[in-house]
Structures are given as C-alpha cells and as structure tokens.
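Data first, discussion second: the structure below is written as structure tokens.
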Amino acid sequence: MADVSEATYDLLRAHGLTTIFGNPGSNELPFLAGMPDDFRYILGLHEGAVLAMADGYAQARGGAAFVNLHAAAGTGNAMGALTNSVYSHSPLIITAGQQVRSTIGQEVMLANVDAQSLPKPLVKWSCEPACAQDVPRSISQAIHIANLPAKGPVYVSVPYDDWAQEAPAETKHLLTRATTTAGSLSADQLATLVDALDRAENPVLVLGPEVDAEYANDDAVRLADALGAPVWIAPSPSRCPFPTRHRSFRGVLPAAVQGITDALVGHDLILVAGAPVFRYHQFVPGEYLPDGARLIHLTSDPGEAARAPMGDALVGGVRDALSRLADSVTPGRRPVLPPLPDIPQARTSSERVHPEELFELLRGTAPDDAVYVKESTSTTGAFWSQVDVSRQGSYFFPASGGLGFGLPAAVGAQLANPDRQVIGLIGDGSANYGITALWTAAQYDIPVIIVILKNGTYGALRWFSTVLGSGETPGMDVPGIDFTAIAAGYGVTATAVRTGDDFVRAFKTALGSGKPAVIEVETDLTEP
Ligand SMILES: Cc1ncc(Cn2c(C)c(CCOP(=O)(O)OP(=O)(O)O)sc2=O)c(N)n1
Ligand SMILES: [Ca+2]
C-alpha cells in the first residue's frame, strides 16, 4: 500500500507538476526524501526568489507551478512575492512543512502556528489537512482550486510525520480527476453585447493581463479589426495583451482616475476585457467615466467584477468571449484606422545611456520573440514607446508592483521557455530584492540575460515625490552598488557598460553564450 508521500508524488505527476521550486528546512526533508527520479528540484536561496521564480515559470508556461517552503519563516519570506501572484492570478500550489502533528499546539520550534491563516489574504485558498490520510485529497483540491478561474495561488501546510502514514486506497481516484469550467457567455449575453458594439458610434477596447494569460491576443486583434476600434492596455499592466505596433494600439492607460477618463473622452462604449476596472495607482480623484460613456467589463474573476466602482460586468471566459464577439460583430461599420506613426527617435545622453536608447538598441538586437521581464519602475514610458511587443507571453511585470519579482521571474520564465530568449530589465534598486536568483541561474545553467539599469536612485520614488509634493526624503538613493562583483559572487558572468555601443557588444556576447549573463548599464534617470 502506498504511503502519503508516494500518493502525493503520483498526484503531482498526474498534473504535470514534476518541478519543485523550493528552499528546505527540517520540516520538509521527509517529503523531499521521497522525490522520484523523474522530478527535479530547483533550489532558490531565499523564499522570495523561490516564489517569484515559480511565478515566472507558471506565467511563461501557461500552467501551474509547485512550491515547497519551510514552515512559517519560509512562508513569511515568500509573502512579498505572493502579493504579485495573487493579482496576476498565477496558479501556484504552495506547500509548507509543518512540525509533527501532535506537537503543533505546544508551539515547539518550527511549528507553523495557525498555518491556514498565515498566507491569507494573499492566497485563493489554504488548509492544513485534518489528518494524514486527507493530505493527498487536500493537495488535489488545492491543484483544482488554483487552476479554476479566477486562477490563483493556494497553500497547504503538511505536518512532516504525515508523509510516512499509509495513504487510503481511495486516493487512486484523484489521479484521473479533471475539473474544467464551462464559463462562456450565453447566446443572449453574446447577442446583447454584439448589439451594443454594433450600435456604438465610437467603441474602444481596454485589454488586461488575462487576455495574454489566456492566449487571446489574436482574438483581441480580430475584434479590434472588425470594430475598427482603438485599443488601450489597462493601467499597471503585468502582461502585454495586444501587439504594440498594431494600427489600433494607443498605449497604456495612466493609473489615475481622471487620466483614464481624459484618455477615453469621446468613446460611447468602453469594453474592458481581462483586467480589473481599474488598477489605479497615484490617487488623482475625478470622474470615473467620460460623459455619455457606458463601460462593459469582461472578466473570469467575480471579485474583479463585483468590486469595480462603475460599469456592468459579465463573468466568464475572456478568450471565448473575445473570439465569439470577433466572429459576430458587424465588420466595416467604421473607417479603417490609419497605420501608426514610426517609433519616435530615442533620446540619448552624453554621460550615460538614456533608457529610451537602451530599449531602442534592444529592439534592434534582441530576437523578435524575446520575452521581457521588467522591473525598472521609472522606465515604463520609455519601454512602451520604444519596444515592439507583438507576441503572446512577451512581457511580464510585478502585478502588485511588489519588487523582487523581476529578476527571479526572469530566471523562472527562461526555465519554462528554453526556446525564447528571456531578458530581465531590472532597476538597480529592484535587483537587490531578488538578487539571489542569480545563483540559481548559474547552478542550473539557465541562459537568462539580466540587464540592470543603474541610475543610482529609486527613480520612480523621485517621480512620485513630485506627484505627492513630499520633496526630498531620506532613503531615495542607492549609490555605489557593483552588480558585476555581486553577479560574479553568485557565479554569473557580468559586464559593466556606459555606452550604447558597449551595451550592444555585451548583449550579443551574452546572446550566444548559452549561459546566464548580467549587463550593468549606467543609465540616465527618466520619468516613468
Ligand atoms: C518590496 C518592495 N519594496 C519597496 C517598494 C517601493 N518602491 C521602490 C523602492 C521603487 C524604486 C525602484 O527603483 P529601481 O532602481 O528598481 O527602478 P527605477 O530607478 O527605474 O525606479 S518603486 C516602488 O514602488 C516596492 N514597490 N516593493
Ligand atoms: Ca534605479
């Protein structure tokens, strides 16, 4: 008869979860002792990096990822990364080792006290099974909850004396279970939406990360073409749902109430798909909608639908809805939009590399199907103006702005996508929160290229201080960091450059190396 450990590994294998991202403690050793040969363990040196690597891996592969953390301390270290995963709807199955079941109440060393509550509200569901025999079924429940819409991270705490217990024979039924959603628009809902779009004088699409996560980018293009409608990316984007050189593309909406309303003036129907309404950031009160505009929201997340401050919402599959709308609206009712103007000439700098120049150089040097993982918070405007993002799964950004996602997530995305070059674009402030992932990239030969934009300061905070009028505050500068020395210390080849030509040379060398590489670029400070 199988024990709980064997039954659990059989279950993980049945779901394709044979990669374990982790950092172990004594509570986890009995589980890891049973790891079969067809599994691989990816060790991260800090649980924030472990979780962010798993998040990047899951988002890049379009599937779930399995994580094993150490009790409460490991879970606590991962909570910062979880603030992103819960909003990027990343299906992460997170397990944490617990002390021996009979000693938890005594709060002995390494007891994860009230484990089920610890990760809330940053997980979709959490549990500590009531007995060893329920561990496989609880992990099965966690896997299905993580993958059902709206997807998200889940957490299971397992006492380490459970693994050797005998598993009930009934666990065999778990291996073949499938849970899928049939959440598509009804014929009536579709007809009503088609009628609204056909009647609209000047509709506009606002697209969010779920469009890219559900591989609905092409459906969104078909709908925009059929409507002859402009397209904006919803504010604070963690993914890129629409090709940025398509004639409909109008940019990323600002993360401010009045800013969005001003951008959408003149549209009488605003169709938001796959994004919350909206992820505002700087607090700039104003009118939620332009005069005469109606907002309709498509999302698979009932929470997003319910908490929006305006508009009507339809909860269902975003890809199914966009595809059927594209097939059903009346094409050609509006003039074809003109082609986009050429990408503007990048600004340059005499002393350092201007971020616009850096991104222009990348546009001309990186492979067309490159994957960008960005966490350089003051250069978002420069990125969107200069880089041509045209494929699904080409852009990732921390969904809650929680730093420490970018560098590890780039490592995880490269592990998931060996056929596409992953390029991390990481600020010299952000790099420090997940820097230990460089060691993992070196240890497992993960050929990610990490470009560190070194402007010596927390650039986004400098910009925010002007928005808030807070002036010069302590803790804004990060001078004197040598990322080439740090990278070398973790076993990654690194180059420091100060000119565009030197950057291109270093980047081309890194592209061909098949190894991880860090390029530290002295950059100008620019506004977001
Ligand atoms: C975990 C964490 N800590 C602190 C912050 C606050 N923060 C910080 C510290 C930023 C500056 C990042 O600086 P950078 O060097 O990475 O990039 P830029 O210079 O391009 O802004 S932006 C921002 O929101 C955060 N978002 N997340
Ligand atoms: Ca910086």
Side-chain angles (χ1 to χ4, degrees), residues 46-52 55 76-88 122 235-238 252 255-256 279-283 347 349 351-359 362 372-387 396-410 423-438 450-468 470 472-483 486 496-498 518-528:
H46 182 283
E47 291 86 351
V50 169
L51 208 288
D55 194 348
N77 281 347
M79 297 283 266
L82 262 178
T83 63
N84 295 312
S85 312
V86 71
Y87 280 99
S88 54
L122 300 178
S236 315
S238 59
V252 176
R279 290 281 273 172
Y280 303 114
H281 186 164
Q282 58 274 28
F283 180 63
R347 284 180 284 175
S349 160
E351 295 299 309
R352 297 160 153 235
V353 180
H354 193 288
E356 288 182 10
E357 181 189 5
L358 176 66
F359 298 141
L362 271 174
Y372 295 99
V373 183
K374 193 161 179 310
E375 196 172 283
S376 152
T377 40
S378 68
T379 64
T380 39
F383 178 86
W384 291 113
S385 76
Q386 287 295 325
V387 179
F396 299 97
F397 183 87
S400 291
L403 303 181
F405 167 85
L407 198 157
I423 302 164
L425 300 172
I426 313 295
D428 56 345
S430 297
N432 301 291
Y433 296 88
I435 198 79
T436 65
L438 290 179
I450 301 292
V451 179
I452 295 182
L453 289 80
K454 185 175 175 181
N455 59 17
T457 185
Y458 284 150
L461 298 192
R462 289 203 163 281
W463 173 77
F464 237 111
S465 68
T466 63
V467 173
L468 299 175
S470 52
E472 189 65 23
T473 56
M476 293 274 256
D477 291 328
V478 285
I481 303 177
D482 180 348
F483 289 98
I486 295 171
V497 299
R498 293 181 66 97
V518 166
I519 306 173
E520 178 197 87
V521 187
E522 297 262 356
T523 55
D524 257 347
L525 176 60
T526 180
E527 65 293 343

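Along the sequence shown, residues are numbered consecutively beginning with 1. Every number for a ligand or one of its atoms is a count from 1 in the order of the listing.
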If you have a sec, work out which protein heavy atom is nearest atom 12 (C) of ligand 1 and how many Å separate them, to one decimal?
Thr377 OG1, 3.4 Å
Closest non-hydrogen atom pair between Thr380 and Thr377, with its separation:
OG1-O, 3.9 Å
Kindly confirm or rule out an N or O of Ser378 lying under 3.5 angstrom from an N or O of ligand 1.
yes
Taking atom types as modelled and ignoring hydrogens, do the side chains of Ser400 and Arg279 form a donor-acceptor contact shorter than 3.5 angstrom?
yes
Which atoms from ligand 1 have a heavy atom of Gly429 less than 4.0 Å away?
14 (P), 15 (O), 16 (O)
Can you name the N, O or S atom of Asp428 that is closest to the Ca ion (ligand 2)?
OD1
Are there over 12 heavy-atom neighbours, none belonging to Tyr280, within less than 6.0 Å of that residue's OH?
yes
In the protein, what heavy atom is nearest to atom 9 (C) of ligand 1, and what distance, to one decimal place, separates them?
Tyr433 OH, 3.6 Å
Less than 4.0 Å between a side-chain N and a carboxylate O, is that true for Arg498 and Glu520?
no
Within the side chain of Glu47, is there an N or O that forms a donor-acceptor pair under 3.5 Å with the backbone of Ala78?
no
Hey, is there an N, O or S on Thr377 sitting under 3.0 Å from the Ca ion (ligand 2)?
no
Could you establish whether Gly80 and ligand 1 come within less than 4.0 Å of each other, counting only heavy atoms on the residue side?
no
For ligand 1, which atoms have a heavy atom of Asp428 less than 4.0 angstrom away?
15 (O)
Please report which non-hydrogen protein atom sits nearest to atom 24 (O) of ligand 1, along with the residue it belongs to and the distance in Å to one decimal place.
Leu461 CD2, 4.3 Å
Residue pair Thr83, Tyr87: steps toward the side chain to side chain contact (heavy atoms under 4.5 Å, CB included) verdict
CA-CA 7 Å; Thr83 63; Tyr87 280 99; 6.0 Å; no
Is any side-chain heavy atom of Asp428 closer than 4.5 Å to a side-chain heavy atom of Asn455?
yes
N or O pair under 3.5 Å between Gly459 and ligand 1
yes
The atoms of ligand 1 lying under 4.0 Å from a heavy atom of Asn455, numbered in the order shown, are 19 (O)
Atom 13 (O) of ligand 1: closest protein heavy atom, distance to 0.1 Å, is Tyr458 CD2, 3.4 Å
Nearest option to atom 27 (N) of ligand 1, as decided by whichever heavy atom of Leu403, Val478, Asp477, Asn432 sits closest:
Leu403
For residues His46 and Tyr433, establish whether the separation of their ring centroids is below 6.0 Å.
no
Using the Ca ion (ligand 2) as the apex, give the angle to atoms O (Thr457) and OD1 (Asn455), rounded to 10 degrees.
80°
Which residues pass the ring pair (Phe, Tyr, Trp, His ring centres under 6.0 Å) test with Phe383, not counting sequence neighbours?
Phe359, Tyr372, Tyr395
Between Asp524 and Lys454, does any side-chain N to carboxylate O distance fall below 4.0 Å?
no
Please find out if the Ca ion (ligand 2) and some N, O or S atom of Ser430 are separated by less than 3.0 Å.
no
Is there a side-chain contact between Lys374 and Phe405 in this structure, where contact means two heavy atoms from C-beta onward sitting under 4.5 Å apart?
no
For Thr457, the atoms of ligand 1 under 4.0 Å from one of its heavy atoms are 15 (O), 19 (O)
Gly401: heavy atom below 4.0 Å from ligand 1, yes or no?
yes
